[in-house]
Protein chains: 2
Amino acid sequence: MERVDITPAAPAEDEIFAALASPVRREVLRLLREQGPQSVQDLASGFAMARPSFSEHLRVLREAGLVSERRDGRRRLYRLEAVPLARVRDWLDPYERFWRGRLTGLRDLLDGMDDTDGTDDMDDIGDAAALGRTGDQETR
Amino acid sequence: MERVDITPAAPAEDEIFAALASPVRREVLRLLREQGPQSVQDLASGFAMARPSFSEHLRVLREAGLVSERRDGRRRLYRLEAVPLARVRDWLDPYERFWRGRLTGLRDLLDGMDDTDGTDDMDDIGDAAALGRTGDQETR
DNA sequence: ATAATACGTAGGAAATCTCCTACCTGTCAT
DNA sequence: ATGACAGGTAGGAGATTTCCTACGTATTAT
């Protein structure tokens with residue numbers, strides 16, 4: 001299937017999440033958050049990786065809008081940008097409301113551990129009841 | 001140093017962010033959030049995609065812990081799981097503090113009044129003026 | 001002017017992702 | 001038992017990602 005290039009002004013959520021899916025790139029963001037704007041060599045010093053590979057990670061972060069670059073002589077200072085992270089938070093928001101509604105304490109964690117007996121706590125979602133209901137995920 | 005397969009109970013952040021990087025998978029999560037647990041065919045009905053491809057998306061979501069599956073006759077009901085989303089929120093939290101600290105705007109104005117010569121250093125911030133400059137994290 | 005430094009692009013190999021068609025398994029209806 | 005249905009696995013094509021080495025460009029130092 002073919003993809004149409006629309007190149008939106010605001011980076012797509014796809015790009016943002018994909019950029020965050022790499023431990024190298026998340027570590028770069030952490031460094032920028034904790035230590036402020038830095039040159040490429042300062043950022044790269046902790047990574048066992050060829051420089052061009054690291055540059056590629058910076059490009060991904062840049063295209064997602066997560067960092068910006070400022071030239072300073074022959075160095076380039078990278079800086080953390082807040083907007084895409086705020087977009088992640090905004091995306092997350094309705095889910096947060098969802099889980100606050102159903103995560104009453106440790107109920108969920110306990111469910112996940114051992115549930116071999118017959119008392120299925122999801123039984124109350126009958127096939128008809130579960131479908132076509134908007135709003136309430138689980139009763140009780 | 002080999003990797004031991006311990007099949008961790010908590011999915012890695014890598015898997016979570018990667019799972020969220022697809023619009024199809026984010027839409028599945030939205031459907032589960034808004035309409036509650038659903039069968040595969042209900043979920044899939046809105047997507048122009050072969051069923052096995054859709055199954056693959058569900059597998060990615062499952063392995064990231066974002067959904068869980070319950071068998072009901074010949075159907076399988078998928079349900080949204082909160083824990084990985086809460087982990088994303090936790091990851092985001094220190095960044096949120098970061099950007100709240102610098103999106104205040106007033107601070108940037110005060111920073112600009114600090115220098116004594118008459119040169120217009122506003123030129124520096126013209127390129128990325130959306131968020132203002134760092135005050136307390138400047139290198140050098 | 002020449003060399004060194006900082007950082008990027010070019011292009012390729014290997015792995016991974018995303019879609020497909022074909023086929024298999026388990027459950028329900030007749 | 002036979003067939004229809006729900007949903008998965010197998011395996012492959014094509015795109016993308018992630019790493020590499022080699023080279024290019026801009027800036028500073030000698």
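Quick caveat: nothing in here was measured; it's all calculated off a predicted structure. All values below come from the heavy atoms of this structure, side chains included, with hydrogens, waters and symmetry mates left out. Naming: A, B, ... by sequence-line order, numbering from 1 per chain.
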**Prompt:** What's the closest nucleotide to the A:Q41 side chain, out of C:dA6, D:dG8, C:dC19?
**Reply:** C:dA6
**Any donor-acceptor N/O pair, B:Q38 side chain to B:G36 backbone, under 3.5 Å** = yes
**Prompt:** Between A:S53 and D:dT18, does any side-chain N or O lie under 4.0 Å from OP1 or OP2?
**Reply:** no
**Request:** Send over the distance from A:M49 CE to D:dT21 P, rounded to a whole Å.
**Result:** 12 Å
**Closest to the A:L58 side chain, choosing from C:dG8, C:dA29, D:dG7** = C:dG8
**Item:** Spacing between A:R59 atom CZ and D:dT17 atom C1', to the nearest angstrom
**Value:** 10 Å
**Request:** Starting from C1' on D:dG24, measure out to CZ on A:R74 and report it in whole angstrom.
**Result:** 16 Å
**Request:** Measure from the side-chain heavy atoms of B:P52 and tell me the nearest of C:dT21, C:dC19, D:dG7.
**Result:** C:dT21
**Prompt:** C:dC20, D:dC20, C:dT9: which one has an atom nearest the side-chain heavy atoms of B:A50?
**Reply:** C:dC20
**Prompt:** Does A:D72 or A:R25 map to a spot on DNA chain D nearer the 5' end, using the closest nucleotide for each?
**Reply:** A:R25
**Request:** For A:A18 and for B:R51, find the nucleotide of DNA chain D with the closest heavy atom, then tell me which residue's nucleotide is more 5'.
**Result:** B:R51
**Request:** Specify the separation, in whole Å, of atom CG of B:L61 and atom P of D:dG8.
**Result:** 12 Å
**Item:** Between CD on residue B:E56 and CG on residue B:L61, distance to nearest 0.5 Å
**Value:** 10.5 Å
**Message:** Using the side-chain heavy atoms of B:R62, tell me which of these nucleotides is nearest: C:dC19, D:dC20, D:dG8.
**Reply:** D:dG8
**Message:** Measure CZ/A:R75 against P/D:dT27 and give the value in whole Å, please.
**Reply:** 14 Å
**Item:** Spacing between B:R71 atom CZ and C:dT25 atom P, to the nearest angstrom
**Value:** 14 Å
**Item:** Proximity to the side chain of A:V40 - top-ranked nucleotide from D:dT18, D:dT9, C:dG8
**Value:** C:dG8
**Item:** A:Y78 side chain, from C-beta outward: closest of C:dG8, D:dG8, D:dC19
**Value:** C:dG8
**Message:** Any non-hydrogen side-chain atom of A:R51 less than 4.5 Å from a side-chain atom of A:V40?
**Reply:** yes
**Message:** Please pick, from D:dT18, C:dT5, D:dG8, the nucleotide with the shortest atom-to-atom distance to any side-chain atom of B:E69.
**Reply:** D:dG8
**Prompt:** Between atom CZ in A:F47 and atom P in D:dC20, what is the gap in whole Å?
**Reply:** 13 Å
**Donor-acceptor under 3.5 Å (B:E81 side chain, B:R62 main chain)** = no
**Item:** Nucleotide nearest A:H57 (side chain, heavy atoms from C-beta), chosen from D:dC19, C:dA6, C:dG8
**Value:** D:dC19
**Complete:** Between CG of B:L77 and P of D:dG8 the distance, given in whole Å, is 11 Å
**Request:** May I ask you to decide if the ring planes of A:W91 and A:F17 are parallel, tilted or perpendicular, using 30° and 60° as cut-offs?
**Result:** perpendicular
**Request:** State whether B:R75 and B:D72 are salt-bridged, where the test is any N-O pair (Lys NZ or Arg NE/NH1/NH2 against Asp/Glu carboxylate O) under 4.0 Å.
**Result:** yes
**Item:** Residue-phosphate contact under 4.0 Å: B:S55 side-chain N/O, D:dG7 OP1/OP2
**Value:** no
